[in-house]
Amino acid sequence: PAAEHEFVRQFTGPLHALLRKDFGRLTASERDELVQDALASAIRSLPRYDPEKRFITWLFTIARRRAIDLVERTQNEWI
């Protein structure tokens, strides 16, 4: 749908910037995957979003948690 396309268009850049800044050691393909995952998760979770909170903060939290999970999984593979 058009609304989802606009949502993805609007937030892809900011999510990439966040992940580059906070998780610079991730590869570009890992960041791409995380952005897609975070956007899909946010779309699925919209019914649970609290409109009293800032939307971008909520979305960034989803992306950060996904990135932390990936980093932890990757570190555990090397132990």
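The chain is numbered in sequence order, starting from 1.
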#### Entry: Minimum side-chain heavy-atom gap Arg73-Asp69 below 4.5 Å
yes

### Query
Of all residues at least two apart in sequence or in a different chain, which pass the side-chain hydrogen bond (donor to acceptor under 3.5 Å, both in side chains) check with Glu33?
none

### Task
To the nearest 0.5 Å, tell me how far Arg44 CZ sits from Leu39 CG.
10.5 Å

### Query
Between Arg25 and Val71, does a side-chain contact (heavy atoms from CB on, under 4.5 Å) hold up when you go through it step by step?
CA-CA 9 Å; Arg25 71 185 219 188; Val71 168; 3.3 Å; yes

Can you give each donor-acceptor pair under 3.5 Å made by side-chain atoms of residues 6-18, sequence neighbours left out, with the distance rounded to 0.1 Å?
| unit_1 | atom_1 | unit_2 | atom_2 | d |
| --- | --- | --- | --- | --- |
| Glu6 | OE1 | Arg9 | NE | 3.0 |
| Glu6 | OE2 | Arg9 | NH2 | 2.6 |
| Thr12 | OG1 | Val8 | O | 2.5 |
| His16 | NE2 | Asp32 | OD1 | 3.2 |

### Query
What pair of heavy atoms forms the shortest contact from Leu26 to Ala67, and how long is it?
CD1-CB, 4.4 Å

### Query
Please, which pairs that meet side-chain hydrogen bond (donor to acceptor under 3.5 Å, both in side chains) have at least one residue in residues 45-62, sequence neighbours excluded?
Ser45-Arg48

### Query
After noting the C-alpha distance and the side-chain angles of Leu19 and Phe60, does the key distance pass the side-chain contact (heavy atoms from CB on, under 4.5 Å) rule?
CA-CA 9 Å; Leu19 293 171; Phe60 280 9; over 6 Å; no

### Query
In Å, rounded to the nearest 0.5 Å, how long is the span from CG of Leu34 to CD of Glu30?
7.5 Å

### Message
Treating Arg66 as the side-chain partner and Asp37 as the backbone partner, does any N or O pair qualify as donor plus acceptor under 3.5 Å?
### Response
no

#### Entry: Reported CG-to-CZ distance for the pair Leu70 and Phe23, which is rounded to 0.5 angstrom
9.5 Å

